[in-house]
Each structure stands twice: as structure tokens, then as C-alpha cells.
Amino acid sequence: QVQVVESGGGLVQAGGSLRLSCAASGRNFRTYAMGWFRQAAGKEREFVAAMNWSDDRTYYTDSVKGRFTISGDGPKNTVYLQMNSLKPEDTAVYYCAAQTAVRFVQVRSYAYDYWGQGTQVTVSS
């Protein structure tokens, strides 16, 4: 069993910053990639950013490029999301996801095996 816990959400004004943290823990596992997804009220979950430890690739959805930065430590099964220049449209519950098997896809939710409980990010106008 793997547990995924994220934190760092909160309420900020437009243009502000937040840093989300996430760690996966358990026994007899390792992560090969970790990522962030978000779900705004009334909308479907969408991909935000991901990092693949195997080749150090990072992925971002277009709407956050240049504003968000994903980083992490594969051996520690830890990932971060630095969010700058936040916009009201970034308001959502942000979920951390862990990939515990080698896969070729990191930008779709179905590619992840374990999920955190979510942390609320609210950006005011």
C-alpha cells in the first residue's frame, strides 16, 4: 500500500505564489513519476504538471507554462509544485499522483496508481 499526501494550498491574491508539496510513502515500492492534477468546481480533473524520474522529463499543461515549476526527488518519492503569478482560473483542488510502474504516459490521470487527498488552492481577483 502506498500513501500520498500533499499540502501547501491556501488562499492567495491574483499574482501571488504558493508552493505545493507531496510525498508518497509505504513499503516495497518506488515511484517512476509523480504529477499534479487539479479539479475546479463543476469541471473535470485536468493535468497540470508531471515529472518522470527515469529521464528527468517534465511536462506542463499550456496554461501554466512559465508560471508553474515542478521539481522533485525520485529516490525520496517527493514532488513539489511552485506556482507563481497565480490567476483566479487556477482556483481548484490540486491532487498529487504517484506512478509506481514504468509507463510511457504521464499527462493522463489513468496513468497513475495512487492519489493524494487534495489541497485547495483559491486565488482571489
Side-chain angles (χ1 to χ4, degrees):
Q1 184 179 355
V2 177
Q3 296 79 46
V4 179
V5 179
E6 67 267 78
S7 62
L11 173 63
V12 297
Q13 293 184 347
S17 298
L18 284 172
R19 179 177 168 86
L20 306 183
S21 300
C22 176
S25 62
R27 290 182 283 106
N28 302 119
F29 88 103
R30 63 167 290 183
T31 59
Y32 295 86
M34 295 183 74
W36 294 94
F37 293 75
R38 66 188 181 188
Q39 187 168 21
K43 296 186 177 181
E44 295 186 15
R45 183 183 298 175
E46 67 170 342
F47 169 76
V48 178
M51 188 170 185
N52 187 327
W53 315 132
S54 299
D55 56 8
D56 292 323
R57 277 195 170 198
T58 59
Y59 306 86
Y60 298 93
T61 192
D62 287 344
S63 64
V64 309
K65 288 180 179 177
R67 300 189 298 121
F68 292 10
T69 302
I70 190 169
S71 61
D73 187 336
K76 293 184 177 180
N77 303 302
T78 301
V79 70
Y80 306 93
L81 186 67
Q82 179 66 44
M83 305 186 294
N84 298 327
S85 301
L86 283 161
K87 303 175 181 180
E89 50 263 46
D90 295 317
T91 295
V93 177
Y94 283 69
Y95 296 92
C96 177
Q99 192 172 100
T100 58
V102 176
R103 294 189 173 97
F104 296 108
V105 177
Q106 280 78 49
V107 302
R108 302 293 297 273
S109 61
Y110 64 72
Y112 293 85
D113 307 296
Y114 296 95
W115 294 81
Q117 78 289 347
T119 185
Q120 176 71 49
V121 172
T122 302
V123 184
S124 62
S125 301

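None of the values given here were measured: they were computed from a predicted structure.
- Residues Val107 and Phe47 approach most closely at O-CB, 3.4 Å, considering heavy atoms.
- Residues passing the side-chain hydrogen bond (donor to acceptor under 3.5 Å, both in side chains) test with Lys65, sequence neighbours excluded: Asp62.
- Within the structure, side-chain hydrogen bond (donor to acceptor under 3.5 Å, both in side chains) contacts touching residues 99-111 (residues at least two apart or in different chains) are Asn52-Gln106, Gln99-Gln106, Thr100-Asp113, Arg103-Asp113.
- Val2 belongs to a hydrophobic cluster with Val4, Phe29, Tyr114, counting contacts under 4.5 Å between side-chain heavy atoms of Ile, Leu, Val, Met, Phe, Trp and Tyr, direct or through other members.
- Residues Leu81 and Ala49 share a closest heavy-atom pair of CD1-CB, 4.0 Å.
- For the atom pair OG of Ser7 and OH of Tyr94, the computed distance is 15.0 Å after rounding to the nearest 0.5 Å.
- Surrounding CD of Glu44 are at most 12 heavy atoms belonging to other residues, nucleotides or ligands under 6.0 Å away.
- The aromatic rings of Phe37 and Tyr112 sit perpendicular to each other, their planes meeting at more than 60°, with 30° as the lower class boundary.
- Listed by chain and number, the residues in a side chain to side chain contact (heavy atoms under 4.5 Å, CB included) with Glu46 are Arg38 (sequence neighbours excluded).
- Between Met34 and Cys22, the closest heavy-atom pair is CE-SG, 3.8 Å.
- Here the closest non-hydrogen pair linking Ala23 and Thr78 is CB-OG1, 4.1 Å.
- Residues Ser124 and Gln13 approach most closely at OG-CA, 3.5 Å, considering heavy atoms.
- Sorted by first and then second residue, the side-chain hydrogen bond (donor to acceptor under 3.5 Å, both in side chains) pairs involving residues 22-32 (not counting sequence neighbours) are Thr31-Trp53, Thr31-Asn77.
- Residues Asp90 and Val123 approach most closely at CB-CG2, 4.3 Å, considering heavy atoms.
- In this view, Ser85 satisfies the side-chain hydrogen bond (donor to acceptor under 3.5 Å, both in side chains) rule with no residue, not counting sequence neighbours.
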